[in-house]
Trainee: 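I have a structure I would like to understand better, so I am pasting it below and will then ask my questions one at a time.
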Amino acid sequence: MNKFINEDKLENSKKIVLNSGLFDHSWYDQYGKFKGRAEAVEHYLTQGADLNYMPVPDFDGQFYLLMYPEVSAAGINPLVHFISYGEAQLRMPNPYLDLNAYKAKQGLPEQGVLKHYIASGRPEGPWSREPSLFTIEASNQGRVRVRPCSRSKQRELLKITVSDQDVATLWSDPDINAGELEVWAPPAFRNGETQLVTCTKVVSGKLAGATLTVFDAIQTPLQYLKGSEMMPQMARLSGRAADRYENLQLRLANLSSLDELKNIQTNHQTLLEGYRGRKAFPAFSLPKVDKPRVSIVVPAYNSFELTYHCITSISFASTIVSYEVILADDCSTDITAEAESIIGNLVVSRPKENSRFLRNCNLATQKAKGEFVVFLNNDTEVLSGWLDELVEVLDNDPSIGLVGSKLLNRDGSIQEAGGVVWGNGQPWNAGRDKIRLDPEFNYLRDVDYVTGAAMCLRKDLWETVGRFSDEFAPCYYEDTDLAFKVRAAGYRTCYVPTSEVVHFEGQSHGTDVTKGLKQYQLINESAFRRKWYSDYKGNGEASFESLHLNKDRHIERRVIMFDNEVPQLGRDAGSYAAIQELKLLQSLGYKVTFVPLNFAHLGKHTRRLQKMGVEVLYAPNYFDLDELLDKRLKEMDLVYITRFGVAEQVLDKIRSRSQVKVLFNNADLHFLREIRGAVAEGSESAAMERALKIRERELAICRNVDAVLCYSKAEHAVLESHLCDTSNLQLTPWVLDTQPKPESFESRKGITFLGGFGHTPNVEAVDFIVKDVMPQLEKIRPDIKLYVYGSNMPEVFDDYNCENVEMVGYAKELADVYQQHRIFVAPLLSGAGIKGKVLDAISYRTPCILTDVAAEGTGLVDRVNAVIANSVDEWVAGIIELYDSKEAWESYSAGSKVLHEHRYSHEHGRKQMKNILESVGIFAG
């Protein structure tokens, strides 16, 4: 049971959370599979809070407890406390949102401020905490460094605290040590637990910087603690303890036998003990696979303690794709010669005589049965998912031929994140010593080469390019040469940051380039330069200043995109649209940098963009908009802003720094939606007055950008009536993915609606169809049932369940909505912009009945490819007609297919985006 709750309080706490509007079932679903909202809430209260799971993207329970330690001391769940007390006290729900400032700006009462912020879609809610002028770096040993950013020119009196305890109050003076401060955390906080380190401006009382860190309880280097690994409090001292725990969780979740459990236990203990000084080698077995997809080649000569550690990590790592391990033993004279008697199902390749690294690897691949070949140094430890991530990239994109992992140092920092070959032929490793999740080194990207320490390619391509080139024997530059050969064959070489491998650098051949095999590093450098001069000569002059640009290969231009937050696919239509627009820009040769104004890493949603090749900027590396623009804007060829509220925050800052072209995608006309919503309250109402003020602000944005992008012609017409110059108005392309052949008319039942119910128009739509339409329909056709899907359903929706209405809730798969039911209904009475839910119906070729508001901008025409209905009588008649007529249903379904192909295809969208760019003078391929 969670330490913040007991059985007596559980039901009451569930009611508090369920009724709060601050629990997003669809968001929380990333942590597991839950039958419904109530079960997900119970999981959060009993387990999730302990695991630092977030109930909504905007509430960070770990931060809340660290910021307000009296909550933890009182034994109250952080979210329950925030709902019951904290929100009314305007406490911070996360490090970035100042509820007091947001409340003041919106003129809100104390209660419901965060809910209002979320329900409004964050369109006008600035991150109003004073911009941080300081970054905080905390070492595991307890040292805390506070550094001003480059634009700080003034003295500041700062208070530094660790977990709410004052540590020091000092002046940061730019003329003394560049304003940098250094303090040490008190011994009481060096306990191996997570600590919140903050920096506050004493005069203003404003938070100027914050970070979460762990100070080690024991400072002794691990190599001096040999034999203590299995003692309490000792196993967690390793810098990879969290990685191994993650692996352990994933392996145990998919356990298939007791023998596998024994293997896991042996592997885990081996990794805890490390390879240094290892004399005992407990037996274990690799998976037995007749037709592996991947053949992992591990070259080795002696040093069995390293090889054993490496193969142990392969066995221990959570992996879905099937594999075999080929030990390329180059005639070792130690226990490596007996490796197959220790490691079950190990494939061994041994030449007749010592052949050195390159030829040994080439020979070993003759035994490979896999579709893919992976080369993995024996001085490595692989982490969870490393292999799946490499194969996934090659599976998803046939234009990519060679991929490589992110290499990590022992301390978890980056050792290599893809390679650059400069114009003089000199290779550099990108990302050296950067933090592991640095956003600039955590997205899929084209590179000049990847290191042979952990790389993967298709077996047939390996043979086509002639394996490792013998001219680079015995070793060094063979991997760089291979990448250039792959590129010459017409394929790309890519760095895959989601595949992580710890590399104990220098263990294979040492680090002295004048001795042993390491001397061939210099010899083969000349051979490589001669061979590939024409390919690398235009790669620029080697410099640290330009590395951040040159690490991205094969891009034509750069665009920076701004939105409220990272798009969350499956949550709303806007997220889907944003991802499609990212893809269109990439298809035109753009490297995309995405900036969520909350600077929040949103787990799988951020990871999705990174795996697409999008650079996403997030805290703690970035959390100050001015600093970000100072650092990154000058490299951009284009700025793309989504949403009016976002544009209000960033446009003036951009215009004051640069003349770069700016595209503004309004997502929907904010003022039009507000005016439509205010009509019911009358032309003299406060809501209408507010809507008209928003109109002036939104139109001002439109006048100050190079192009305004709208999804619908109806919104174009509205803007044309208000703007003198309409030459910059453009239609935003919307791309629909091609879906499988639709299910037949006969196999479907009922009618359906889908919506995100944090959006008021969707709630109004359900109220209308449930209260007005369905009772009338039931009198004539009680057999026709309505199924309502969506996230964040209000509690009142539970009362709508009846014989002909079922409130289903969150839909895990869109196919559940559009393939099972005969008709998609969209009874929207207000709102603006194109409706993604309607476009999804077009994509799935599910005939629609919808209002004029819902049909706006979609291309659906009454009695041609859909039914338009506005009154209750029209709705009832339209449902019955389309539900019963197979001929009409199939005709409208076919019409949706035609509309999709002509208006919503990727190729059509690409042409539209290209035309938009050309309209502002930017030409792309």
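As the structure is a computational prediction, the values presented were derived from the model and not from experiment.
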Trainee: Out of curiosity, Ile916 CD1 to Asn728 CG, how far, rounded to the nearest 0.5 Å?
Mentor: 11.5 Å
Trainee: Please find the pair of heavy atoms, one from Ala765 and one from Phe753, that lie closest to each other, and give the distance.
Mentor: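 Between these two residues, the closest heavy atoms are CB-CZ, 4.3 Å.
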Trainee: With a 6.0 Å cut-off (strictly less than), is the heavy-atom count around CD of Gln659, excluding the residue itself, greater than 12?
Mentor: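 For Gln659, atom CD is not crowded (no more than 12 foreign heavy atoms under 6.0 Å).
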Trainee: Considering non-hydrogen atoms only, spot the tightest contact between Gly809 and Met793 and give its length.
Mentor: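 Where Gly809 meets Met793 most closely, the heavy atoms are N-CE, 3.5 Å.
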Trainee: Taking the inter-plane angle between the rings of Tyr711 and Trp734 on a 0 to 90° scale, is it parallel (under 30°), tilted (30 to 60°) or perpendicular (over 60°)?
Mentor: perpendicular
Trainee: Can you tell me if Asn870 uses its side chain to pair, donor with acceptor, with the backbone of Asp852 under 3.5 Å?
Mentor: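 Looks like yes, one N/O pair under 3.5 Å.
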Trainee: Kindly compute the distance separating CG (Asn666) from CD1 (Ile701), expressed to the nearest 0.5 Å.
Mentor: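 Here the rounded value is 11.5 Å.
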Trainee: Counting C-beta onward and ignoring hydrogens, is there a side-chain heavy-atom pair between Leu719 and Glu715 closer than 4.5 Å?
Mentor: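 No, too far: nothing below the 4.5 Å cut-off.
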Trainee: Do you know the tightest heavy-atom contact between Ala600 and Thr606?
Mentor: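 It is O-OG1, 4.1 Å.
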Trainee: Taking Gln568's backbone N and O only, do any of them form a donor-acceptor pair with Ser575's side chain (distance below 3.5 Å, no angle check)?
Mentor: yes
Trainee: Keeping Asp24 on the side-chain end and Val56 on the backbone end, is there a donor-acceptor pair under 3.5 Å?
Mentor: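 No: the side chain of Asp24 does not pair with the backbone of Val56.
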Trainee: Within this structure, what is the CZ-CE distance for the pair Phe59 and Met92, rounded to the nearest 0.5 Å?
Mentor: 12.0 Å
Trainee: Mind telling me whether Phe824 and Tyr818 have parallel, tilted or perpendicular rings, with 30° and 60° as the class edges?
Mentor: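 Taking Phe824 first and then Tyr818, their aromatic rings sit tilted (interplane angle of 30° to 60°).
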Trainee: Is the backbone of Ile868 close enough, under 3.5 Å, to the side chain of Asp862 for a donor and an acceptor to pair up by distance?
Mentor: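 Here the side-chain-to-backbone pair exists.
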Trainee: Hey, does the side chain of Thr642 reach the backbone of Asn665 with a donor-acceptor pair shorter than 3.5 angstrom?
Mentor: no
Trainee: Considering only distance and modelled atom types, tabulate donor-acceptor pairs under 3.5 Å from the side chains of residues 766-777, sequence neighbours left out.
Mentor:
residue: Asp767; atom: OD1; partner: Tyr800; partner atom: OH; Å: 2.6

Trainee: Considering all heavy atoms of both residues, which atom of Lys837 and which atom of Asn762 are nearest to each other, and what is their separation?
Mentor: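 Closest heavy-atom pair between Lys837 and Asn762: NZ-OD1, 3.2 Å.
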Trainee: Can you list everything that forms a salt bridge (charged side-chain N to carboxylate O under 4.0 Å, His left out) with Lys653? Sequence neighbours excluded, please.
Mentor: Asp626
Trainee: Has the side chain of Glu874 got a donor or acceptor atom that lies under 3.5 Å from a matching backbone atom of Ser871?
Mentor: yes
Trainee: Apply side chain to side chain donor-acceptor pair (under 3.5 Å) to the pair Tyr68 and His81, showing each step before the final yes or no.
Mentor: CA-CA 11 Å; Tyr68 308 110; His81 183 277; over 6 Å; no
Trainee: With under 30° as parallel and over 60° as perpendicular, where do the rings of Tyr28 and Phe23 fit, or are they tilted in between?
Mentor: tilted
Trainee: Does Thr851 reach the main-chain N or O of Leu828 with its side chain, forming a donor-acceptor pair under 3.5 Å?
Mentor: yes
Trainee: Whether the side chain of Ser843 engages the backbone of Leu839 through a donor-acceptor N/O pair (distance < 3.5 Å, no angle test) should be reported.
Mentor: no
Trainee: Does this structure show an ion pair linking Glu795 with Lys15, if we count only N-O contacts that are shorter than 4.0 Å?
Mentor: no
Trainee: Using side chain to side chain donor-acceptor pair (under 3.5 Å) as the criterion, list what pairs up with Asp706, not counting sequence neighbours.
Mentor: Arg655
Trainee: What is the minimum heavy-atom distance between Val735 and Tyr576, and which atoms define it?
Mentor: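 Taking every non-hydrogen atom into account, O-OH, 2.7 Å.
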Trainee: Drop me the distance from Glu87's CD to Phe82's CZ, to the nearest 0.5 angstrom.
Mentor: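 Rounded to the nearest 0.5 Å, the CD-CZ separation comes out at 4.5 Å.
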